[in-house]
Amino acid sequence: MVQYKALLFDLDETLLDFAASEDIALQKLFSDQNFSLTPDIKANYQKINTALWKGYENGEIDRDEVVNTRFALLFEQYGIQVDGAALERNYRKYLSEGYYLIEGAMELIQKLSTEFDLYVVTNGASIIQQKRLEGSGLAPYFKKVFVSEDTGYQKPMKGFFDYAFSKIENLDLSTTLIIGDSFSADVTGGWNAGIDTCWVNREGRELANTDILPTYKIRELAELYGILGLKDYSGAGNLVL
């Protein structure tokens, strides 16, 4: 069993329920526009949003274009012209107010902080993620927080991890583990960065056709206790490699 020293935690859908925060933020934003947010419209927004971020990851567009055009593009499909940048500012405000913890997250982080060096590695806007960390009560347990907006790179870009690693003193990659729910951002990113990975796969999704495998697969955060050799939990997770 590897004796890990540094644990890199993704934030959204790993420790915090981003879906809940996003849903409330979108509801408030659309209410401001006197426009009903239906499931179909929300799905359309997520499709546009995903495509824009993919373009960013591929180097086709910059980050400002992603966040400042996604709402303008969405409303344009319904024949409405809006100020995309203004809506983005309001959306960020509403999103920063949402910090709903995943079940077991606080207890886990409190326990691990006494045994390991904990860091956050997350995509998103710095001020939003910092406010959500502070609001949730998780912030004091992490030594440093790395947000894509500050690093200039988006997970899984190697530049993101290079930046984070350069800011952590005496980091040993062989005893570093990243924990996250996104296979593309966290597992692929960690794999390319040369560290062990733990995929939080709550829905039991099947792996795509890929040569990249997570070191561990878990469905609940509590399974980390076993992986990390702590006595609080007897299960050891699903070791893949």
Side-chain angles (χ1 to χ4, degrees), residues 1-16 53-60 63 105 108-109 111-124 126 129 133 138 141-202 205-221 223-230 235-241:
M1 177 181 291
V2 178
Q3 297 298 310
Y4 294 107
K5 295 181 180 179
L7 304 181
L8 312 181
F9 276 91
D10 172 54
L11 190 57
D12 290 318
E13 300 304 338
T14 300
L15 298 177
L16 294 182
W53 281 116
K54 189 68 175 178
Y56 171 71
E57 290 177 9
N58 294 336
E60 299 165 358
R63 189 182 182 284
L108 174 76
I109 295 302
K111 174 64 178 178
L112 296 186
S113 68
T114 67
E115 305 283 343
F116 304 91
D117 295 332
L118 305 186
Y119 303 90
V120 168
V121 286
T122 178
N123 288 335
S126 180
Q129 300 301 59
L133 268 172
L138 290 172
Y141 302 102
F142 291 94
K143 289 185 172 294
K144 291 184 179 180
V145 176
F146 301 102
V147 186
S148 59
E149 184 177 47
D150 295 329
T151 68
Y153 300 92
Q154 184 95 349
K155 290 187 300 178
M157 295 177 179
K158 188 174 183 297
F160 178 98
F161 291 91
D162 288 344
Y163 178 94
F165 294 167
S166 73
K167 301 296 183 180
I168 301 175
E169 294 183 4
N170 303 315
L171 181 68
D172 182 350
L173 298 188
S174 69
T175 58
T176 300
L177 176 69
I178 183 172
I179 302 103
D181 72 294
S182 172
F183 188 88
S184 62
D186 302 311
V187 177
T188 300
W191 172 285
N192 291 335
I195 60 176
D196 283 359
T197 61
C198 180
W199 186 25
V200 184
N201 182 17
R202 293 188 179 87
R205 301 189 302 274
E206 295 295 326
L207 282 171
N209 185 19
T210 176
D211 293 330
I212 297 174
L213 294 174
T215 314
Y216 310 95
K217 286 192 298 183
I218 62 175
R219 298 193 69 159
E220 301 294 337
L221 287 175
E223 294 177 70
L224 277 171
Y225 291 120
I227 290 172
L228 298 172
L230 301 181
N238 183 4
L239 179 62
V240 178
L241 299 181

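All values derive from a computational prediction rather than experimental measurement.
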Chemist: Nearest 0.5 angstrom please: T176 OG1 to I195 CD1, how far?
Modeler: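 Those atoms lie 6.0 Å apart.
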Chemist: For the residue pair A193 and L173, what are the closest heavy atoms and their distance?
Modeler: O-CD1, 3.8 Å
Chemist: What residues form a side-chain hydrogen bond (donor to acceptor under 3.5 Å, both in side chains) with R63, not counting sequence neighbours?
Modeler: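 For R63, no residue satisfies side-chain hydrogen bond (donor to acceptor under 3.5 Å, both in side chains) once neighbours in sequence are set aside.
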Chemist: Please list, chain by chain and in numerical order, all residues satisfying side-chain contact (heavy atoms from CB on, under 4.5 Å) with K143, sequence neighbours excluded.
Modeler: D117, Y119
Chemist: For residues Y141 and S113, report the shortest heavy-atom separation together with the two atoms involved.
Modeler: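 The answer is CD2-OG, 3.4 Å.
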Chemist: Considering non-hydrogen atoms only, spot the tightest contact between C198 and L224 and give its length.
Modeler: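 Between these two residues, the closest heavy atoms are SG-CD2, 3.9 Å.
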Chemist: Which atom names give the shortest non-hydrogen contact between D12 and N123, and what distance separates them?
Modeler: OD2-O, 4.4 Å
Chemist: Atom OH of Y56 and atom CD of Q154: how far apart are they, to the nearest 0.5 Å?
Modeler: 5.5 Å
Chemist: Surrounding CD of E206 (heavy atoms of other residues, nucleotides or ligands, distance under 6.0 Å), is the total greater than 12?
Modeler: no
Chemist: Nearest 0.5 angstrom please: F9 CZ to T14 OG1, how far?
Modeler: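 Those atoms lie 8.5 Å apart.
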Chemist: Is any side-chain heavy atom of R202 less than 4.5 Å from a side-chain heavy atom of L221?
Modeler: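 A side-chain contact exists here, since the closest heavy-atom pair is under 4.5 Å.
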Chemist: If you look only at pairs with a residue in residues 156-165, which of them pass as a salt bridge (Lys or Arg N to Asp or Glu O under 4.0 Å), with sequence neighbours excluded?
Modeler: K158-D162
Chemist: Is the shortest side-chain heavy-atom distance between D10 and S182 below 4.5 Å?
Modeler: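 In short, these two side chains do not touch, never coming nearer than 4.5 Å.
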Chemist: Could I get the full list of ring-ring contact (aromatic ring centres under 6.0 Å, His included) partners for F165, not counting sequence neighbours?
Modeler: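 Here no residue qualifies.
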Chemist: For residues N201 and F183, determine if any side-chain heavy atom of one lies less than 4.5 Å from a side-chain heavy atom of the other.
Modeler: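 No, side chains not in contact.
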Chemist: With side chains defined as the heavy atoms from C-beta onward, is the minimum distance between W191 and T210 less than 4.5 Å?
Modeler: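 The answer is no; the side chains never approach within 4.5 Å.
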Chemist: Report the residues that fulfil ring-ring contact (aromatic ring centres under 6.0 Å, His included) with Y163, sequence neighbours left out, ordered by chain and then residue number.
Modeler: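 Testing Y163 for ring-ring contact (aromatic ring centres under 6.0 Å, His included), a comparison that skips the adjacent residues, returns none.
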Chemist: Could you measure the distance from the CD1 atom of I109 to the CG atom of L15? Nearest 0.5 Å is fine.
Modeler: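 The CD1 atom of I109 sits 4.5 Å away from the CG atom of L15.
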Chemist: For A185 and P156, which heavy atoms make the closest approach, and how far apart are they?
Modeler: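 Of all heavy-atom pairs spanning A185 and P156, the closest is O-CB, 3.6 Å.
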Chemist: Whether the side chain of S148 engages the backbone of G124 through a donor-acceptor N/O pair (distance < 3.5 Å, no angle test) should be reported.
Modeler: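 The answer is yes, because a donor-acceptor pair under 3.5 Å joins these two groups.
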Chemist: Any side-chain heavy atom of Y225 sitting closer than 4.5 Å to one from L108?
Modeler: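 With C-beta onward as the side chain, the pair touches.
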Chemist: CD1 of I227 to OH of Y4: how many Å apart, nearest 0.5 Å?
Modeler: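 One finds 8.0 Å between CD1 of I227 and OH of Y4.
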Chemist: Does Y153 have more than 12 heavy atoms from other residues, nucleotides or ligands lying within 6.0 Å of its OH?
Modeler: no
Chemist: Can you confirm whether E223 sits close enough to Y216 that some side-chain heavy atom of one is under 4.5 Å from a side-chain heavy atom of the other?
Modeler: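 Sidechains of Y216 and E223: no contact.
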Chemist: Evaluate the criterion side-chain contact (heavy atoms from CB on, under 4.5 Å) for residue pair V120 and L138; output intermediate values, then yes/no.
Modeler: CA-CA 10 Å; V120 168; L138 290 172; over 6 Å; no
Chemist: Do the side chain of T197 and the main chain of I178 share a donor and acceptor less than 3.5 angstrom apart?
Modeler: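 Not confirmed, T197 side chain does not pair with I178 backbone.
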Chemist: Out of curiosity, K5 NZ to S174 OG, how far, rounded to the nearest 0.5 Å?
Modeler: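 Reported value, rounded in 0.5 Å steps: 8.0 Å.
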Chemist: Can you tell if the side chain of F142 reaches within under 4.5 Å of the side chain of L11, non-hydrogen atoms only?
Modeler: no
Chemist: Does any non-hydrogen side-chain atom of L230 lie less than 4.5 Å from one of F116?
Modeler: yes
Chemist: Any salt bridge (Lys or Arg N to Asp or Glu O under 4.0 Å) pairs touching residues 172-198, not counting sequence neighbours?
Modeler: K155-D186
Chemist: Pair L177, V2 - check side-chain contact (heavy atoms from CB on, under 4.5 Å), show working.
Modeler: CA-CA 10 Å; L177 176 69; V2 178; over 6 Å; no
Chemist: At their closest point, which heavy atom of W199 faces which heavy atom of P214, and how far apart are they?
Modeler: CB-CB, 3.9 Å
